[in-house]
Amino acid sequence: MAELIAKAALDGQGPVTRAGLVLSVLPPAPVWSIAPFPGEDLTPALAALGLDFPAPGRSNRAGDLRLIWTGRDQAFLLGGRPPEGLAAAVTDQSGAWAGFSLSGIGGEAALARLVTPDLRLAAFPVGHVVRTGLNHIPAIILREGETEFHIRVFRSMARSAWAELVEVLEHLAARAAAVQGGASAPARTG
Amino acid sequence: MRLTCPLCGPRDRREFTYYGAEEYLHRPGPDAAPDLSQGGAWDNYLHLRDNPAGPTRDLWYHDQGCAAWLLVSRNTLTHDITGVELVAARKGARDEA
């Protein structure tokens with residue numbers, strides 16, 4: 001068999017810094033989908049790992065493992081393999097997703113140009129997760145920290161999502177430059 | 001227009017896809033006459049729809065969100081959304097599939 005070389009999505013793409021925000025590609029890491037069979041309770045099996053099956057829009061973590069809600073009766077385990085024998089449909093989706101990090105002050109203002117839900121800190125605290133459209137691209141957005149979002153999209157759409165995000169950062173940078181340069185101040189901000 | 005998804009909360013209409021009338025949840029049973037004769041159970045299930053001026057219920061799919069099927073109650077006169085429930089959470093939902 002031919003020697004296959006694993007390549008990350010957007011391989012070689014360096015971080016982009018604009019408008020005080022840094023957009024970068026997350027390194028490849030395990031992503032496992034866990035969808036409990038109807039009526040099954042995974043609490044004891046997950047508790048052994050220090051995890052709990054997350055409520056809609058929530059996540060929890062234990063060490064390097066992180067369990068994030070991603071849909072009705074579905075969560076993604078990030079950062080490691082799930083235990084054997086879970087009463088759930090378990091699939092390895094590591095190669096199917098591309099992840100980006102958007103960090104810096106005002107990341108929610110950048111994302112507000114692409115997503116409809118309110119992602120400000122008061123409405124979307126650290127550890128909350130939302131599944132929504134990034135413009136037209138299905139995305140899972142996790143608030144990693146007060147000034148950091150992790151955005152995951154289908155790997156097939158990684159390049160489009162990256163282009164959308166970079167364009168938003170460029171628009172924000174252009175607006176900031178226009179305001180600072182004393183050009184006729186725009187009537188609307190944001 | 002917004003729908004309040006029971007899992008995701010209030011979301012823009014663009015996240016959802018319309019499927020059709022609630023009728024699709026009530027598939028004829030195995031004892032229904034297997035022909036499509038006019039007015040029969042299968043004819044009704046596949047083709048006959050009311051066109052209500054007022055309350056109606058239909059199925060929506062939250063494709064950009066939690067991927068759940070939703071049963072939406074709305075009013076075609078006032079455009080009020082009066083209820084959104086998970087199809088999967090309804091009693092006997094698994095028998096309807």
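By convention in this document, chain letters (A, B, ...) are assigned in the order of the sequence lines, proteins followed by strands, and residues within each chain are numbered from 1. All values below come from the heavy atoms of this structure, side chains included, with hydrogens, waters and symmetry mates left out.
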- Query: Strictly under 6.0 Å, is that where the ring centroids of A/Phe76 and A/Trp32 end up?
  - Reply: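 No, too far apart.
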
Per-residue contact mode, [X] against chain B (heavy atom under 4.5 angstrom):
{"X": "A/Pro138", "value": "both"}
{"X": "A/Thr116", "value": "side chain"}
{"X": "A/Ile140", "value": "neither"}

- Answer yes when A/Arg81 and A/Asp92 have at least one side-chain N-carboxylate O distance shorter than 4.0 Å, and no when they do not.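 Between A/Asp92 and A/Arg81 there is no salt bridge, as every charged N stays at least 4.0 Å from the carboxylate O atoms.
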
- Query: Run the side chain to side chain contact (heavy atoms under 4.5 Å, CB included) check on A/Leu49 and A/Leu67 step by step: do they pass?
  - Reply: CA-CA 11 Å; A/Leu49 302 171; A/Leu67 195 57; over 6 Å; no

- Quick one: pull up CG in B/Leu59 and OH in B/Tyr19 and give me the separation to the nearest 0.5 Å.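 B/Leu59 atom CG to B/Tyr19 atom OH measures 8.0 Å (nearest 0.5 Å).
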
